[in-house]
Amino acid sequence: MQREIRRARAELSFEDQSRLGALFGQYDANLVQVENRLGVFIAARGNQVQIEGPPDSVARARDVLQTMYDRIEQGHDLDAGAVESLIAMSSEPTLEGIIKGDLDEAPVMIRTRRKTIVPRSAGQIPYMRQLAREDIIFALGPAGTGKTYLAVAQAVSQLMSGSVQRLILSRPAVEAGERLGFLPGDMKEKVDPYLRPLYDALYDCMPPEQVERRLASGEIEIAPIAFMRGRTLADSFIILDEAQNTTREQMKMFLTRFGQNSRMVVCGDPKQVDILGGDRMSGLADAVGRLEGVEGIAVSRFTSADVVRHPIVGRIVDAYEGTGE
């Protein structure tokens, strides 16, 4: 005897009909995305939305649509990536609290001059809280999980508020598996290709003219890790990207630059080490092994489930990690 599949139905009403175009998406693309990912049927009539399907999926879809509407109401952008992230987080009991906050926690968000950023994966929730509280944070995980972007956004927010006086962004000048040879130009032109992802994050969080002005004044500094030697970085928000490509000596040197009233974030993917020479241990892995559990130091670990680029990126990460390559 075939087992009967339970069905459930839920209905939502949205007060402001002028926001429904953004909620539904062009040609109802956002509704179709929720339907396909959660296996439900959604019918919209005026400001009423009916959801039908398996009970758990209907409950998740209802939460996702309500949160989408709340985000639009608060002035946040809602693209396909944001919808995908809300769907991925809908299994988390904290989904509503992420956007609205609760009695114990303020809403998890970072405000910059250009946008307000909220978590787009379950793993980003504790990480964003750490960025606001901890002195030194190690952020570990695959590409596309928002490790560096969120760190830059928090740094920009603190620079704008006056909590820190400088923003220092650094990464090792190591090629990803290829030898680029001699690069023409002065020192800035030689190292800029390695630091481009940091520039991209900055320009996404600040107006271009402010980025240029603060770079010129020294309030924002972007430099290879070799330029950090011998310095004490006080009143600064310091970010080291691609930290898996540091040696143990470089990592120790970088961490000991930490000064008064500063915050430091070290980002990297321990599985993507490009250091030449198989006998050289990554400074990131060594540092986490030594320092995890030390007071004032936090560690955030991301997985493919936290990838917030196109969903296929997470599946690519899983495929490569599954083969051990």
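Just so it is clear, the structure is predicted and the values come from calculations on it, not from any experiment.
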#### Entry: With Val211 via side chain to side chain contact (heavy atoms under 4.5 Å, CB included) - residues at least two apart
Leu202, Tyr203, Met206, Leu215
Could you list the donor-acceptor pairs under 3.5 angstrom formed by side chains in residues 21-31, with sequence neighbours left out?
{"from": "Asn30", "atom 1": "ND2", "to": "Ala22", "atom 2": "O", "distance (Å)": "3.2"}
{"from": "Asn30", "atom 1": "ND2", "to": "Leu23", "atom 2": "O", "distance (Å)": "3.1"}

### Message
Under the rule for side-chain hydrogen bond (donor to acceptor under 3.5 Å, both in side chains), what residues qualify as partners of Gln50, not counting sequence neighbours?
### Response
Glu11
### Task
Name all residues meeting the salt bridge (charged side-chain N to carboxylate O under 4.0 Å, His left out) criterion together with Asp235; count only those two or more places apart in sequence or in a different chain, and write none if there are none.
none
### Query
If you look only at pairs with a residue in residues 48-58, which of them pass as a salt bridge (Lys or Arg N to Asp or Glu O under 4.0 Å), with sequence neighbours excluded?
Arg9-Glu52
### Query
Got a sec, which residues hit side chain to side chain contact (heavy atoms under 4.5 Å, CB included) with Pro126, two or more places apart in sequence or on another chain?
none
### Task
For Gln154, enumerate each residue passing the side-chain hydrogen bond (donor to acceptor under 3.5 Å, both in side chains) test, keeping only those at least two apart in sequence or located in another chain.
Gln158
### Task
Output, in order, the C-alpha distance, side-chain angles, deciding distance and verdict of side-chain hydrogen bond (donor to acceptor under 3.5 Å, both in side chains) for Glu242 and Gln244.
CA-CA 5 Å; Glu242 298 291 342; Gln244 75 275 7; 2.6 Å; yes
### Message
Just to verify, what does Arg62 make a side-chain hydrogen bond (donor to acceptor under 3.5 Å, both in side chains) with, not counting sequence neighbours?
### Response
none
#### Entry: All side-chain hydrogen bond (donor to acceptor under 3.5 Å, both in side chains) counterparts of Gln130, not counting sequence neighbours
Ser300
### Task
Apply side chain to side chain contact (heavy atoms under 4.5 Å, CB included) to Asp286 and list each qualifying residue two or more places apart in sequence or on a separate chain.
Arg248, Met281, Arg290
### Query
Would you say Gln250's side chain and Thr247's backbone share a donor-acceptor pair under 3.5 angstrom?
yes
#### Entry: Counterpart residues, side chain to side chain contact (heavy atoms under 4.5 Å, CB included), relative to Gln17 (two or more places apart)
Leu20, Asn47
### Task
Report the residues that fulfil salt bridge (charged side-chain N to carboxylate O under 4.0 Å, His left out) with Asp16, sequence neighbours left out, ordered by chain and then residue number.
Arg19
